[in-house]
Amino acid sequence: MKSKAKVSSIKQPKELTTYRRDGTGLWLYDGTGESYFYFPDSYVDRNFDLTAGIANFHKIPEEQNVGDFPSLLAAMIKHEQESGAKCDADIITFRGIMTKLLTVPIVKEPFSLKVITYDGTIMIKTDDSAELSRRAQQPSNDFQKKCEYAGYKFETLVTLPKPWSQCTRSQIENRSKQPASNYEQFISVVRTGIGKNKMILAGEVDAIFDYKEEGQNLSHYIELKTNRMIYNENHQRNFEQKLYKTWAQCFLIGIKKVAVGFRDDNMYLKNIEVYETDEIPLLLKDKINCMSSLKFFGGLIEWLNQMDKTENRSYTLTYDGTGESVVLVPSQESFEDEFVSKEFREWRESNDK
Ligand code: 0WD
Ligand code: CA
C-alpha cells in the first residue's frame, strides 16, 4: 500500500519518564543516569585521539544490543503506577524505528519490521534476527572498528556523569585516557504525535547540555555525533545525509541540539560544531527537503493507524529500498511474546478489570 502525502502537524513532544542500561547491561528505572556535556572550545586544541583506549573497549555483545521492548514496557508500567493514569497511544515504538520511516524518501534503505496490535495499540520493533545477520555480514576491518570506537570515545571525552561543578579536576582531565563503553544507555520515553495520531517513542539520549530540571528535560538534551572532516564534495554530500538523518532522529523526540565532533582520518578530534535541530532543514535547503519527508511520514502514520486495533494480531512492515511504498502484511506467526512481557500483560489485565 502506498501512503498518500498529506500535510501533518507534529505535537510538541513531552517526556513521560526515563530509564537506563548500566555498565553490566541491566535495565534500571531510577530516574538517573544522564550525562552532562562539558567541553570548553579551547579543548579542541589539545588534539585528542579518539582511538585512545580502544584495546579495552567495553563492548556489549551484538545480540544483547537490540531494541528491548520489555524494558520499555517496564518503564511505562512504572510511569503509569506513579501518575495513576494509563498512557494511551496509537503507536508505541523506539524512536530509531520512526527515524527509518521518516527518512524513507531520501535514505532508500530496505527494512523489515515486526508489528503487533495489542490492547488497542500498535507496537513496532525491528526483526532482531534479520538485524543481527545484517550486522554480522557488514565488513568490519580495522578502520571501521576505529570509526565505531571513535563515536563512543567522543561521547566519553565530551561528557561527565555529573554537572561540571560536582566533578573533580582529575575526573575531567582523565576522560581522554579512559576506554569507551557502549553498555550504558540513557533512554527518554516521550509522548508525541503527528496529526491525530498519538505516539509513545523511546529514544537514547546522549547528554544534557546545560542543566537538569525536575520533570521535563527534553529541551536540555543534546545528540552527539562524529564525522570525518570535509575536504571534498563527496564528503559534503555524505555529511548532509548524516545531518538529515540526525535531524529526523532529534526532531522526532524534541531534542533541540546536535554536537558534531569532526575528526581527521587518523581519528584525531579537530573541531566541534553545535547545530540547532530546527536550523538543519534550512542548512539542507536546496539539497534535501526535510519538510517533504515530514509530509510523507504524516501520511504513512495516518495510514498505519487505520489498521484494525480491536484484535491482537501480528504483521510485518517492510520496505524494499525503492520508491516510497511501505508494505504491511499479516503474519501467520504471532510476535506478541517478543513484545509483551508477562509483567505488562498482567498489568494491563489488572487495569482492564
Ligand atoms: O533499530 C533500532 N532503533 C535499534 C535500537 C537497533 C539496535 C538497538 N536499539 C536499541 C538502542 O540500543 C536503545 O536501547 O533501542 C533503544 C533505543 O534506541 P533508539 O534511540 O531508538 O535508536 P537510534 O535512534 O536508532 O540510535 C540511537 C543510538 C545510536 O547512537 P547514534 O549516535 O549512532 O544515533 O542507539 C545505538 C547507537 O548508540 N544504536 C545502535 N548501536 C549499535 N548497533 C544501533 C545498532 N544497530 N542502533 C542504534
Ligand atoms: Ca549519538
With a 4.0 Å cut-off on N to O distance, would you call Asp119 and Lys86 a salt bridge?
yes
Tyr29 side chain reached by Ile77 side chain, heavy atoms, under 4.5 Å:
no
Are side-chain N/O atoms of Asp320 and Thr318 paired as donor and acceptor at under 3.5 Å?
no
Quick one, Glu336 and Arg345 - any side-chain contact, counting heavy atoms below 4.5 Å?
yes
May I have the step-by-step check of side chain to side chain donor-acceptor pair (under 3.5 Å) for Asn305 and Asn197, ending in yes or no?
CA-CA 7 Å; Asn305 199 19; Asn197 311 292; 2.8 Å; yes
Under a 4.0 Å N-O cut-off, is there an ion pair linking Lys257 with Glu223?
no
pair Leu328-Met307: side-chain heavy atoms closer than 4.5 Å
yes
Are any non-hydrogen side-chain atoms of Leu243 and Glu240 less than 4.5 angstrom apart?
no
Side-chain heavy atoms under 4.5 angstrom apart, residues restricted to Ile, Leu, Val, Met, Phe, Trp, Tyr: same cluster for Val340 and Phe69?
yes
With ring centroids as reference points, do Tyr149 and Phe57 lie under 6.0 angstrom apart?
yes
Does Glu80 come within less than 4.0 Å of Arg348, counting only side-chain N to carboxylate O?
yes
Can you get from Leu28 to Phe94 by hopping between Ile, Leu, Val, Met, Phe, Trp and Tyr side chains that sit under 4.5 Å apart?
no
Please confirm whether Lys270 makes a cation-pi placement over Phe262, using NZ or CZ under 6.0 Å from the six-membered ring centre and within 45° of the ring normal.
no
Is Asn141 reaching over with its side chain to a backbone N or O of Gln144, donor-acceptor style, under 3.5 angstrom?
yes
Tell me whether Arg46 forms a cation-pi arrangement with Phe48, defined as NZ or CZ under 6.0 Å from the six-membered ring centre and within 45 degrees of its axis.
no
Per side-chain contact (heavy atoms from CB on, under 4.5 Å), Gln241 is matched among Leu284, Ile106, Thr103 by Ile106
Look at the side-chain heavy atoms of Ile, Leu, Val, Met, Phe, Trp and Tyr, link any pair under 4.5 Å apart, and say whether Phe39 and Trp164 land in one connected group.
yes
Can a salt bridge be assigned to the pair Lys196 and Glu302 using a cut-off of 4.0 Å between side-chain N and carboxylate O?
no
Sidechain N-carboxylate O distance under 4.0 Å for Lys59, Glu148:
yes
Do Ile272 and Leu269 make a side-chain contact, defined as non-hydrogen atoms from C-beta onward lying under 4.5 Å apart?
yes
Parallel under 30°, tilted from 30 to 60°, perpendicular over 60°: which one fits the rings of Trp27 and Tyr19?
tilted
Quiz question: by atom type and distance under 3.5 Å, do the side chains of Ser293 and Tyr244 form a donor-acceptor pair?
yes
Would you check if the side chain of Arg228 reaches a backbone N or O of His235 as a donor-acceptor pair within less than 3.5 Å?
no
Pair Glu338 + Lys114, salt bridge at N-O below 4.0 Å:
yes
Within-4.5 Å side-chain heavy-atom neighbours: Lys198 and Asp88
yes
Any side-chain heavy-atom pair from Ile222 and Ile255 closer than 4.5 angstrom?
no
Between Arg21 and Glu184 (salt bridge meaning N to carboxylate O under 4.0 Å), is one present in this structure?
no
Do Val158 and Val44 belong to the same hydrophobic cluster, where Ile, Leu, Val, Met, Phe, Trp and Tyr are linked whenever their side-chain heavy atoms lie under 4.5 Å apart, directly or via other members?
yes
Determine whether Leu224 and Ile172 fall in the same hydrophobic cluster, where Ile, Leu, Val, Met, Phe, Trp and Tyr are linked whenever their side-chain heavy atoms lie under 4.5 Å apart.
yes
Ring geometry between Tyr118 and Phe344 (parallel below 30°, tilted from 30 to 60°, perpendicular above 60°):
tilted
Check the pair Lys256 / Glu276 against salt bridge (Lys or Arg N to Asp or Glu O under 4.0 Å), numbers first and verdict last.
CA-CA 6 Å; Lys256 295 199 166 359; Glu276 300 290 323; over 6 Å; no
Working note: Asp127 + Ser129, criterion side chain to side chain donor-acceptor pair (under 3.5 Å); need CA distance, chi angles, decisive distance, verdict.
CA-CA 6 Å; Asp127 180 336; Ser129 58; 3.3 Å; yes
Check: Thr51 side chain, Ile54 main-chain N or O, donor-acceptor pair, under 3.5 Å:
no
